[in-house]
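To start, the structure under review is shown below, and the notes come after it.
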Amino acid sequence: MSLGALYVVSGPSGAGKSTVCKLVRERLGINLSISATSRKPRNGEQEGVDYFFITAEEFERKIKNDEFLEYANVHGNYYGTLKSEVVERLKRGEKVLLEIDVQGGIQVKNKFPEANLIFFKTANKEELEKRLRGRNTDSEEVIQARLKNSLKELEYEDRYDRVIINNEIEQACNDLISIIENGVR
């Protein structure tokens, strides 16, 4: 049996990655690899569905035990992909979709050069800020930190295989589906 295909979606907070990935997963029947995080759940998020919510101490223990394919500390919280969530699925020939930070995307590409890295962004900084404020989940301090961090994340764009500018959700979904269905490398 051949190895499956690994697709990594990254980009600044507010670029619409989660919304588009959810729709694409539903349309293609692909399960998202669920990440672990040390942050608290947002309204409506469920354990084992949206994330594995674990304490910072437990996360650090898993780091020491080499249980992560990639991980990073983003906005004061750990985020990471458990190896167990990816490797077995690839061995079964499945398509695996990761929605992770740009730092993690580069870590994955270094370990799996055949991974397809897809960078999501908005058309401009103003649109990104509008989306972050529209969430109504973060303080002004967090929004400003995310905006500042987005400028750093945009520097990774050239290290990704494909870029999707998410101006319109349906078009962004079609773009991502095309990449996945056509096995674009």
Side-chain angles (χ1 to χ4, degrees), residues 5-37 39 41-46 49-53 69-75 77-82 85-86 95-109 112 115-138 142-143 145-181 184:
L6 181 57
Y7 299 91
V8 177
V9 174
S10 303
S13 294
K17 303 176 301 290
S18 296
T19 300
V20 171
C21 283
K22 181 180 180 193
L23 291 169
V24 167
R25 287 188 346 260
E26 290 170 358
R27 292 177 187 174
L28 296 181
I30 296 174
N31 292 321
L32 182 72
S33 176
I34 300 168
S35 297
T37 184
R39 78 161 169 76
R42 292 182 182 138
N43 283 342
E45 288 182 330
Q46 297 175 15
V49 175
D50 299 290
Y51 285 96
F52 295 114
F53 295 99
L69 177 61
E70 60 78 30
Y71 68 91
N73 189 308
V74 182
H75 307 300
N77 293 298
Y78 285 115
Y79 292 84
T81 304
L82 293 161
E85 285 293 302
V86 175
K95 292 178 180 176
V96 179
L97 181 62
L98 301 180
E99 181 190 328
I100 58 178
D101 177 82
V102 293
Q103 299 165 45
I106 300 306
Q107 289 177 44
V108 170
K109 189 70 165 183
F112 288 90
N116 297 280
L117 269 58
I118 303 124
F119 191 87
F120 265 66
K121 67 180 190 175
T122 56
N124 54 51
K125 183 181 175 184
E126 292 76 23
E127 178 62 22
L128 183 67
E129 183 172 356
K130 177 182 166 189
R131 290 181 189 184
L132 287 173
R133 291 187 184 286
R135 288 178 170 177
N136 295 319
T137 58
D138 297 319
V142 170
I143 290 170
R146 288 184 188 274
L147 287 170
K148 183 179 177 183
N149 194 51
S150 71
L151 296 176
K152 293 177 188 170
E153 291 174 322
L154 289 169
E155 293 174 7
Y156 286 83
E157 179 181 339
D158 292 341
R159 298 177 72 182
Y160 276 65
D161 301 312
R162 298 283 183 268
V163 175
I164 294 176
I165 299 173
N166 186 10
N167 288 328
E168 197 274 315
I169 290 174
E170 195 59 36
Q171 183 59 53
C173 284
N174 290 338
D175 292 345
L176 183 55
I177 287 170
S178 177
I179 291 168
I180 293 170
E181 286 185 336
V184 177

Return yes when atom CZ of Arg42 has more than 12 non-hydrogen atoms of other residues, nucleotides or ligands closer than 6.0 Å, and no otherwise. yes

Pick out which of Val102, Asp161, Ile164 makes a side chain to side chain contact (heavy atoms under 4.5 Å, CB included) with Phe119. Val102

Student check: side-chain heavy atoms of Thr37 and Tyr71 closer than 4.5 Å: no

Any side-chain heavy atom of Asn116 within less than 4.5 Å of one from Arg162? no

Leu23 versus Glu26: any side-chain heavy-atom pair under 4.5 Å? yes

Applying side chain to side chain contact (heavy atoms under 4.5 Å, CB included), name anything that partners Asn43, two or more places apart in sequence or on another chain. none

Considering all heavy atoms, the nearest Phe120-Ala172 contact: CE2-CB, 4.2 Å

Ala115 to Lys109 - nearest heavy-atom pair and separation: O-NZ, 2.6 Å

For a side chain to side chain contact (heavy atoms under 4.5 Å, CB included) check, start with the C-alpha distance between Lys121 and Leu154, then their side-chain angles and the critical distance, and finish with the verdict. CA-CA 8 Å; Lys121 67 180 190 175; Leu154 289 169; 4.2 Å; yes

From CA spacing to verdict: side chain to side chain contact (heavy atoms under 4.5 Å, CB included), Leu28, Glu181: CA-CA 9 Å; Leu28 296 181; Glu181 286 185 336; 3.3 Å; yes

Should Asp101 and Tyr79 count as side-chain neighbours, where that means a heavy-atom distance under 4.5 Å? no

Measure the CD-OG1 distance between Glu99 and Thr81 for me, rounded to the nearest 0.5 Å. 10.0 Å

Would you say the side chain of Val8 lies within less than 4.5 Å of the side chain of Phe112, judging by non-hydrogen atoms? no

State the CG-OG distance between Leu98 and Ser10, to the nearest 0.5 angstrom. 8.5 Å

Rounded at 0.5 Å granularity, tell me how far CG in Asn77 sits from CZ in Arg39. 7.5 Å

Nearest heavy-atom pair of Glu153 and Pro12: which atoms, and what distance? OE1-CA, 2.9 Å

For Arg25, salt bridge (Lys or Arg N to Asp or Glu O under 4.0 Å) partners two or more places apart: none

What are the two closest heavy atoms between Thr122 and Ala15, and how far apart are they? CG2-CA, 3.9 Å

With Tyr156, which residues qualify under ring pair (Phe, Tyr, Trp, His ring centres under 6.0 Å), at least two apart? none

Beyond-backbone contact of Glu85 with Ile34, side-chain heavy atoms, under 4.5 angstrom: yes

Kindly compute the distance separating CG (Leu176) from OH (Tyr7), expressed to the nearest 0.5 Å. 9.5 Å

Please examine the side chains of Asp175 and Asn166, heavy atoms only from C-beta on, and report whether any two atoms are closer than 4.5 Å. no

Donor-acceptor check, side chain of Glu70 to backbone of Gln103, threshold 3.5 angstrom: yes or no? no

Output for pair (Cys173 SG, Gln171 CD), nearest 0.5 Å, gives 9.5 Å

Report the distance from atom CD1 of Ile100 to atom NZ of Lys17, rounding to the nearest 0.5 Å. 11.0 Å

